[in-house]
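To start, the structure itself, in C-alpha cells.
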Amino acid sequence: IYTTLSGWIITIEHRVNNFGVFTMRHPSGLWTYEMWGETSEGSSLALSHENLRGKHIKDRFGARSTFQLPGGALITVHAANAPAVGFVSIYDGNESHRIDLPSHLVTRSCALPLFEEAAEWDGETSRFADIVDGMRWEHIYDQDASPAGLPLGKVENIYPLGITSISNPNQVLDFYDDPRLGHTF
C-alpha cells in the first residue's frame, strides 16, 4: 500500500486462486480504478482488465500501462507474464519507488524525483483529472520500446475512457468501446 502526496491510495495484492489486483483509490474515497486478472504459477500478475468504480471499461493493451494522477504522481505498471518480471514504478514528488510484483518487495526507493523514469517506456498512458462534478479518465498517448528495450517516441492519441460524478457516484459513463469485449460502451 502506498499513499501519494496528494492522497491517492495505491494497493497491490494477490488474492486467493492466483487472482491479482492493482488499485488506485481517489483521495475522496468515492472513485476507484482497478486493474485485475488471474495469475499463473511462477508468473507475474497477468493484470488485464480495467475497471472504473466497478465498471469494466476495457482490457489493457500490451504489457505496460502508465497513469498520471492529479497532484503529479506518475505510476507505471508492467504486468507481463513470465518470464518477464512484472513491477510497479511510482514517481511522486521527490520520491521514486519500484515494487516487484511477484515478490511484493520494494526493489528501489530513493529521494530523487523521476529516478530512472526516462529509461522506462510508458506503454498505454492515461490520466485522471478532477472535474467540477467528478473525475475524468482519458487515454493520452502510447509509447513503445525498441527491441533493445529503450523508450521510443510518444504517440499522442487523446480520447475519453470514462467519467464519474459526485451528484451520482454510483454511475460511470463508459466512453470506450473495446472491440474485444461485447459488454463495453
Side-chain angles (χ1 to χ4, degrees), residues 2 4 8-15 17-26 31-70 73-91 97-104 117 120-129 135-147 149 151-164 172-185:
Y2 177 84
T4 69
W8 282 76
I9 299 170
I10 298 167
T11 307
I12 305 163
E13 61 183 309
H14 278 182
R15 294 184 182 165
N17 299 326
N18 294 321
F19 188 75
V21 180
F22 167 81
T23 305
M24 297 186 296
R25 181 174 305 282
H26 188 272
W31 305 295
T32 302
Y33 163 88
E34 287 182 322
M35 185 186 295
W36 56 277
E38 293 183 28
T39 63
S40 58
E41 191 64 36
S43 76
S44 171
L45 291 179
L47 303 170
S48 61
H49 311 297
E50 295 183 280
N51 289 2
L52 182 60
R53 199 174 191 305
K55 168 78 170 95
H56 187 187
I57 302 290
K58 62 186 276 306
D59 279 358
R60 188 170 49 94
F61 290 97
R64 286 198 196 193
S65 297
T66 297
F67 306 95
Q68 296 176 0
L69 301 180
L74 186 66
I75 315 297
T76 297
V77 179
H78 179 208
N81 290 325
V85 176
F87 61 84
V88 173
S89 294
I90 300 172
Y91 304 101
H97 309 282
R98 177 164 289 168
I99 299 139
D100 177 73
L101 287 175
S103 67
H104 283 130
E117 194 280 330
E120 182 176 278
W121 56 283
D122 296 338
E124 182 181 15
T125 303
S126 61
R127 69 178 159 219
F128 292 90
M135 186 180 67
R136 180 181 66 238
W137 177 33
E138 63 187 358
H139 179 276
I140 52 176
Y141 67 85
D142 294 291
Q143 183 183 38
D144 288 327
S146 71
L152 298 172
K154 295 176 182 177
V155 178
E156 186 176 293
N157 187 11
I158 299 173
Y159 53 85
L161 295 169
I163 290 181
T164 61
V172 175
L173 299 177
D174 177 356
F175 295 112
Y176 187 75
D177 184 10
D178 191 327
R180 302 165 295 175
L181 304 170
H183 64 274
T184 64
F185 196 66

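In this text the structure is predicted, and so the values were computed from the model without any measurement.
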Could you walk me through whether D144 and V155 pass side chain to side chain contact (heavy atoms under 4.5 Å, CB included), step by step?
-> CA-CA 9 Å; D144 288 327; V155 178; over 6 Å; no
Does the pair T32 and R25 meet the rule for a side chain to side chain donor-acceptor pair (under 3.5 Å), with working shown?
-> CA-CA 4 Å; T32 302; R25 181 174 305 282; 2.8 Å; yes
List the steps and the verdict of side chain to side chain contact (heavy atoms under 4.5 Å, CB included) for R127 and I158.
-> CA-CA 10 Å; R127 69 178 159 219; I158 299 173; 4.2 Å; yes
Determine, stepwise, if the pair E117 / L74 fulfils side chain to side chain contact (heavy atoms under 4.5 Å, CB included).
-> CA-CA 9 Å; E117 194 280 330; L74 186 66; 3.6 Å; yes
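The shortest non-hydrogen separation linking S126 to L161 is CB-CD1, 4.3 Å. Heavy-atom minimum distance, G86 versus D100: O-OD1, 3.7 Å. Minimum interatomic distance between P70 and A129 (heavy atoms only, all atoms of both residues): CG-CA, 4.1 Å.
Using a distance-only test at 3.5 Å, with no hydrogens or angles considered, a donor-acceptor pair links the side chain of Q143 to the main chain of L152. Listed for the T164 side chain is no donor-acceptor partner under 3.5 Å among the backbone atoms of G162. Between the side chain of T66 and the main chain of D122, a donor-acceptor pair closer than 3.5 Å is present.
Ring orientation note: the planes of F67 and Y33 are tilted relative to one another, at an angle of 30° to 60°. Using bins of under 30°, 30° to 60° and over 60° for the plane-to-plane angle, the ring pair H49/H56 lands in the perpendicular bin.
Side-chain contact between S65 and T125: absent, with no pair of heavy atoms (C-beta onward) separated by less than 4.5 Å. Side-chain contact check for V88 versus F22: some heavy-atom pair is nearer than 4.5 Å. In this structure the side chain of F175 never reaches within 4.5 angstrom of the side chain of R136, judged on heavy atoms. Taking the side chain as every heavy atom from C-beta outward, N51 and W36 approach each other to under 4.5 Å. When side chains are defined from C-beta on, I90 counts as touching I99, because their heavy atoms get closer than 4.5 Å.
Comment: R98 engages E120 in a salt bridge, judged by a side-chain N to carboxylate O separation of less than 4.0 angstrom. Taking a cutoff of 4.0 Å between a charged side-chain nitrogen and a carboxylate oxygen, K58 and E50 qualify as a salt bridge. E124 and R64 are not joined by a salt bridge, as no carboxylate oxygen comes within less than 4.0 angstrom of a charged side-chain nitrogen.
To the nearest 0.5 Å, the span separating CD1 on I10 from CD1 on I75 amounts to 3.5 Å. Summarising the geometry, atom OH belonging to Y2 is positioned 13.0 Å from atom OG1 belonging to T11; distances are rounded to the nearest 0.5 Å. Between atom CG of residue L69 and atom CE of residue M24 there is a gap of 5.5 Å, rounded to the nearest 0.5 Å. For the atom pair T76 OG1 and Q68 CD, the distance stands at 9.5 Å (nearest 0.5 Å). For the atom pair D59 CG and M35 CE, the distance stands at 10.5 Å (nearest 0.5 Å). With rounding to the nearest 0.5 Å, the separation of OH in Y159 from NE2 in H139 is 4.0 Å.
Tested against H26 for a ring-ring contact (aromatic ring centres under 6.0 Å, His included), the candidates F128, W31, W137 yield a single pass: W31.
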